[in-house]
Amino acid sequence: MKSPLLSLPGAVPAEGPDEGVAAHYGDLFREQRSLADGTGFVDLSHRGVVTVSGADRLSWLHLLLTQHVERLPPRQATEALILSAHGHIEHALYLVDDGTTTWTHVEPGTQDALLAYLESMKFFYQVEIADVGDAYALVFLPAGSIATVPTEWAVRETPYGREVFVPRDRLAEFAATAGPPAGSLAHEALRIEAHRPRLGLETDHRTIPHELGWLESAVHLEKGCYRGQETVARVHNLGRPPRRLVLLHLDGVSTDELPAPGTEVSTVDGRAVGFVGTAVRHHERQHPRCPAVQARGRVLGPSRIRTVGRPVARSAAARQPAACWRYSSGSMDTNLPPGDLNQPNSDRRGLSPEI
């Protein structure tokens with residue numbers, strides 16, 4: 001659905017998964033600085049919005065999700081996943097309950113599959129599931145924003161800011177009072193700076209929560225009775241997920257075109273070791289950065305991985321070097337020698353912070 005805010009001055013439409021909203025409004029770095037300073041807003045009205053109401057909504061969702069939501073207090077934000085029977089991530093949900101309804105926003109284009117799954121699991125529970133994306137739009141207000149939000153609107157209050165479920169017929173009105181607009185690229189840059197993964201960009205069909213740091217924010221390890229729990233428990237107890245999410249600093253990028261999500265990462269000898277997520281330019285960094293999912297093992301030494309290839313199928317072998325990058329190892333790995341990263345507990349927190 002195309003946002004009416006694309007008519008704002010300077011708006012440049014986004015492409016890919018964020019199609020339908022503005023990528024930026026003419027000054028990417030200014031927009032990033034504005035959000036970092038706690039001013040402005042981001043139009044996320046392209047995201048899916050799903051509600052669950054009814055007396056059994058929280059106890060029912062508790063059975064399906066990786067998170068403990070059975071006694072979720074009103075207006076407390078949380079995250080949760082829906083896994084396959086093998087523990088692979090199928091959906092990422094960002095929830096808040098207002099006391100009568102659970103509000104959820106999800107990745108664009110995933111709401112239909114989510115609704116179909118939820119409907120198939122209703123059975124005798126007193127729940128009503130609805131796709132309300134045509135009636136409500138998501139708007140992000142950064143931490144520190146003093147924009148006023150009506151008390152009757154659903155809001156997810158997070159450490160990064162507020163995510164407001166705005167009635168679509170009031171979206172333009174609210175935007176006019178929320179400060180200067182910032183595009184999805186600015187929002188993505190701050191997301192990556194905060195080391196937060198995104199479904200469909202830093203995931204593939206094999207991704208499990210342990211690989212991306214979602215084990216800390218979206219999985220409750222002491223609850224049971226959800227699909228994929230066996231994989232979660234087994235990998236957590238062993239402490240050795242097959243892959244991990246790291247942060248790359250791209251070096252030698254001489255054009256405006258950054259590696260696309262899914263671009264293969266390989267060693268200098270042509271050995272495929274993973275793929276990149278969303279590459280962004282940050283207002284405080286000299287080089288572009290991007291998260292990447294990499295296989296564990298000795299090939300992950302910082303001095304040995306150098307090339308980022310052309311976007312290919314993630315199982316394909318062909319690649320064409322496009323840029324060089326240096327690896328930013330995590331605080332849990334800084335005492336390990338290069339190439340000796342296949343150690344227990346070295347990557348349980350997902351995206352590695354920079355040195």
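Only a predicted model underlies this, so the values are computations on that prediction, with no experimental measurement involved. Because only heavy atoms are used, hydrogens play no part in the values below, and waters and symmetry mates are left out as well, while side chains stay in. Throughout, residue positions are numbered sequentially from 1 according to the sequence presented.
- The shortest non-hydrogen separation linking P4 to S7 is O-OG, 2.7 Å.
- Atom CD1 of residue I89 and atom CG of residue L199 lie 7.0 Å apart, to the nearest 0.5 angstrom.
- Residues D98 and V96 are not in side-chain contact: their nearest non-hydrogen atoms beyond the backbone lie 4.5 Å or more apart.
- In this structure the side chain of L215 reaches within 4.5 angstrom of the side chain of L221, judged on heavy atoms.
- In this structure, the separation between CG on D43 and CG on L6 is 7.0 Å, given to the nearest 0.5 Å.
- How far CZ of R196 is from CG of L245: 13.0 Å, rounded to the nearest 0.5 Å.
- Atom CD in E19 sits 11.0 Å away from atom OG in S184 (nearest 0.5 Å).
- A 4.5 Å side-chain heavy-atom check between F165 and L138 finds at least one atom pair inside the cut-off.
- Heavy-atom contacts from other residues, nucleotides or ligands closer than 6.0 Å to CD of E15 number 12 or fewer.
- With no hydrogens or angles considered, a side-chain donor-acceptor pair links H105 and E163 at under 3.5 Å.
- Residue K2 places its NZ atom among 12 or fewer non-hydrogen atoms of other residues, nucleotides or ligands, all under 6.0 Å distant.
- With a 4.5 Å cut-off on side-chain heavy atoms, H91 and L118 do not count as touching.
- Contact between A77 and R156 at its shortest, heavy atoms only, is CB-NH2, 3.7 Å.
- Put simply, the side chain of P242 does not reach to within 4.5 Å of the side chain of R206, judged on heavy atoms.
- With a 4.5 Å cut-off between side-chain heavy atoms of Ile, Leu, Val, Met, Phe, Trp and Tyr, the cluster of V149 takes in L5, L8, Y25, F41, V139, L141, W153, V155, V164, V166, L171, F174.
- Between F140 and H187, the angle of the ring planes goes over 60°, which puts this pair in the perpendicular group of the 30/60° scheme.
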T203 vs H88, test: side chain to side chain contact (heavy atoms under 4.5 Å, CB included). Steps then yes/no.
CA-CA 10 Å; T203 67; H88 301 138; over 6 Å; no
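- Here the SG atom belonging to C290 is positioned 12.0 Å from the CD atom belonging to E188, to the nearest 0.5 angstrom.
- L65 and V50 fall within the same hydrophobic cluster, defined by Ile, Leu, Val, Met, Phe, Trp and Tyr side-chain heavy atoms under 4.5 Å apart, directly or through other members.
- Annotation for T151 and R75: closest pair O-NH2, 2.8 Å, computed over non-hydrogen atoms.
- Using a 4.5 Å cut-off between side-chain heavy atoms of Ile, Leu, Val, Met, Phe, Trp and Tyr, with links allowed through other members, L93 and L201 fall into different hydrophobic clusters.
- Taking Ile, Leu, Val, Met, Phe, Trp and Tyr as hydrophobic and joining them when side-chain heavy atoms fall under 4.5 Å apart, one finds V21 isolated, its cluster having no other members.
- A donor-acceptor pair under 3.5 Å links the side-chain atoms of R168 to the main chain of S45, judged by distance alone.
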Working note: R47 + E107, criterion side chain to side chain contact (heavy atoms under 4.5 Å, CB included); need CA distance, chi angles, decisive distance, verdict.
CA-CA 6 Å; R47 292 185 64 83; E107 287 299 323; 3.0 Å; yes
Go through the steps to decide whether D204 and V293 satisfy the test side chain to side chain contact (heavy atoms under 4.5 Å, CB included), and finish with yes or no.
CA-CA 10 Å; D204 61 12; V293 178; over 6 Å; no
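- Both L95 and L63 sit in one connected hydrophobic cluster of ILVMFWY residues. Membership requires side-chain heavy atoms under 4.5 Å apart, directly or through other members.
- Summarising the geometry of A186 relative to L35, their closest heavy-atom pair is CB-CD1, 3.9 Å, with the distance given to 0.1 Å.
- G87 and P209 make their closest contact through O-CD, 3.6 Å (heavy atoms, listed as atom of the first residue, atom of the second, distance).
- For the 3.5 Å distance criterion, the side chains of D37 and T39 fail to qualify, holding no donor opposite an acceptor.
- At least one donor-acceptor pair closer than 3.5 Å links the side chain of H62 to the backbone N or O of V69.
- Q67 places a side-chain N or O within 3.5 Å of a backbone atom of E79 that can act as its donor or acceptor partner.
- For E202 (side chain) and R198 (main-chain N/O), a donor-acceptor pair under 3.5 Å exists by modelled atom type.
- Partners of Y160 by ring-ring contact (aromatic ring centres under 6.0 Å, His included), not counting sequence neighbours: none found.
- At least one side-chain heavy atom of R281 sits less than 4.5 Å from a side-chain heavy atom of L258.
- The heavy-atom pair separating R30 from P180 by the smallest distance is NH1-CB, 4.4 Å.
- With respect to E70 and K223, no salt bridge is recorded, no charged nitrogen being found less than 4.0 Å from a carboxylate O.
- Here the CZ-CD distance, from R244 to E211, works out to 11.5 Å after rounding to the nearest 0.5 Å.
- Residues Q32 and L28 have side chains in contact (heavy-atom distance under 4.5 Å, counting atoms from C-beta outward).
- Transitive grouping of hydrophobic side chains (ILVMFWY, heavy atoms separated by less than 4.5 Å) keeps V132 and M1 in distinct clusters.
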Any chance you could lay out the side chain to side chain contact (heavy atoms under 4.5 Å, CB included) test for V127 and M121, step after step, and finish with the verdict?
CA-CA 10 Å; V127 293; M121 301 300 292; over 6 Å; no
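- Salt bridge R227/E90: present, at least one basic N to carboxylate O contact under 4.0 Å.
- Considering D97, T101, T51 as possible partners of R57, the one that fulfils the side-chain hydrogen bond (donor to acceptor under 3.5 Å, both in side chains) test is D97.
- Taking 4.5 Å as the limit, every side-chain heavy atom of F275 sits out of range of all side-chain heavy atoms of E264.
- Residues L64 and L83 do not share a hydrophobic cluster, clusters being chains of Ile/Leu/Val/Met/Phe/Trp/Tyr side chains in contact below 4.5 Å.
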